[in-house]
Amino acid sequence: MALITFLVEDNSTIRENLIPALADLADAPVVGVAETEAQAVQWLQDHREVWHLAVVDLFLREGSGLGVLKHACANRQPHQRVVVLTNYTQPDIRDRCLEMGADAVFDKSNELDDFLEYCAQDRPSQMSPLG
């Protein structure tokens, strides 16, 4: 069962590589993308019932991934997961994201395999009434 994914990432090179990797390696097709906090929050509001996984970078073209994280975690369904994928995973940042409700935090530089494995194995879509 596919893991319907929303990606919040402002770097086009990362998006171009991550989107096919998620689809191929984790059966997690990306159905929406946002580059700013405002775009992400709007997409999440407009597609409340659609997504299973939100992948959020912390530093965006405008706004912050922390604002997206706060909104996504406060308004999600029990079967939906929110994961932070960033280059900034110092212990205090990681702890803050988890305290805000992130299900997991991964470093783009050296935890990408762990991130893809998490996506492939943690299948909240199986619990979804929509799935």
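The line from SG of Cys73 to CD of Gln80 is 10.5 Å long, rounded to the nearest 0.5 Å. Taking CD1 from Ile93 and OH from Tyr88, the interatomic distance works out to 10.5 Å, rounded to the nearest 0.5 Å. For the atom pair Asn87 CG and Leu58 CG, the distance stands at 9.5 Å (nearest 0.5 Å). Taken from CG in Leu60 to CG in Asn11, the straight-line distance is 11.0 Å, to the nearest 0.5 Å. Between the CG atom of Leu66 and the CZ atom of Phe59 there is a distance of 7.5 Å, given to the nearest 0.5 Å. For the atom pair Leu22 CG and Leu53 CG, the distance stands at 7.5 Å (nearest 0.5 Å).
Nearest heavy-atom pair, Arg76 versus Trp51, reported as atom, atom and distance to 0.1 Å: CB-CH2, 3.9 Å. Taking every heavy atom of both residues into account, Arg94 and Glu111 meet most closely at NH2-OE1, 3.3 Å. Listed here is the closest heavy atom pair of Phe6 and Ala40: CZ-CA, 3.8 Å.
Here the side chain of Asn17 pairs a donor or acceptor atom with the backbone of Thr13 at under 3.5 angstrom. With hydrogens and angles ignored, the 3.5 Å screen pairs no side-chain donor or acceptor of His71 with any backbone N or O of Gly67. Counting only distance, with no hydrogens or angles, the side chain of Arg15 and the backbone of Glu9 share a donor-acceptor pair below 3.5 Å. A side-chain donor-acceptor contact under 3.5 Å links Gln39 to the backbone of Thr36. In terms of modelled atom types and a separation under 3.5 Å, the side chain of Thr5 and the main chain of Leu3 share a donor-acceptor contact. Listed for the Asp107 side chain is no donor-acceptor partner under 3.5 Å among the backbone atoms of Thr89.
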Exercise for the section: Show the numbers, then the answer: is there a side-chain contact (heavy atoms from CB on, under 4.5 Å) between Val82 and Leu69? Expected result: CA-CA 7 Å; Val82 181; Leu69 181 64; 3.5 Å; yes
Problem - Candidate pair Ile4 and Val50, rule side-chain contact (heavy atoms from CB on, under 4.5 Å), full reasoning - result: CA-CA 7 Å; Ile4 306 304; Val50 174; 4.1 Å; yes
Exercise for the section: Could you walk me through whether Val55 and Val84 pass side-chain contact (heavy atoms from CB on, under 4.5 Å), step by step? Expected result: CA-CA 6 Å; Val55 179; Val84 173; over 6 Å; no
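The stretch residues 55-74 participates, sequence neighbours left out, in these salt bridge (Lys or Arg N to Asp or Glu O under 4.0 Å) pairs: Glu35-Arg61, Asp57-Lys108.
His79 and His52 have perpendicular rings, their planes meeting at more than 60° on a 0 to 90° scale where under 30° would count as parallel.
Using a 4.5 Å heavy-atom threshold, the side chains of Phe115 and Leu18 count as touching. Put simply, the side chain of Cys97 does not reach to within 4.5 Å of the side chain of Val56, judged on heavy atoms.
Hydrophobic clustering (ILVMFWY, side-chain heavy atoms < 4.5 Å, transitive): Val83 and Val41 are in distinct clusters.
Legend: residues meeting side-chain hydrogen bond (donor to acceptor under 3.5 Å, both in side chains) with Asn110, ordered by chain and number and at least two apart, are absent. Partners of Gln77 according to the side-chain hydrogen bond (donor to acceptor under 3.5 Å, both in side chains) rule, which considers only residues two or more places apart in sequence or in another chain, do not exist here.
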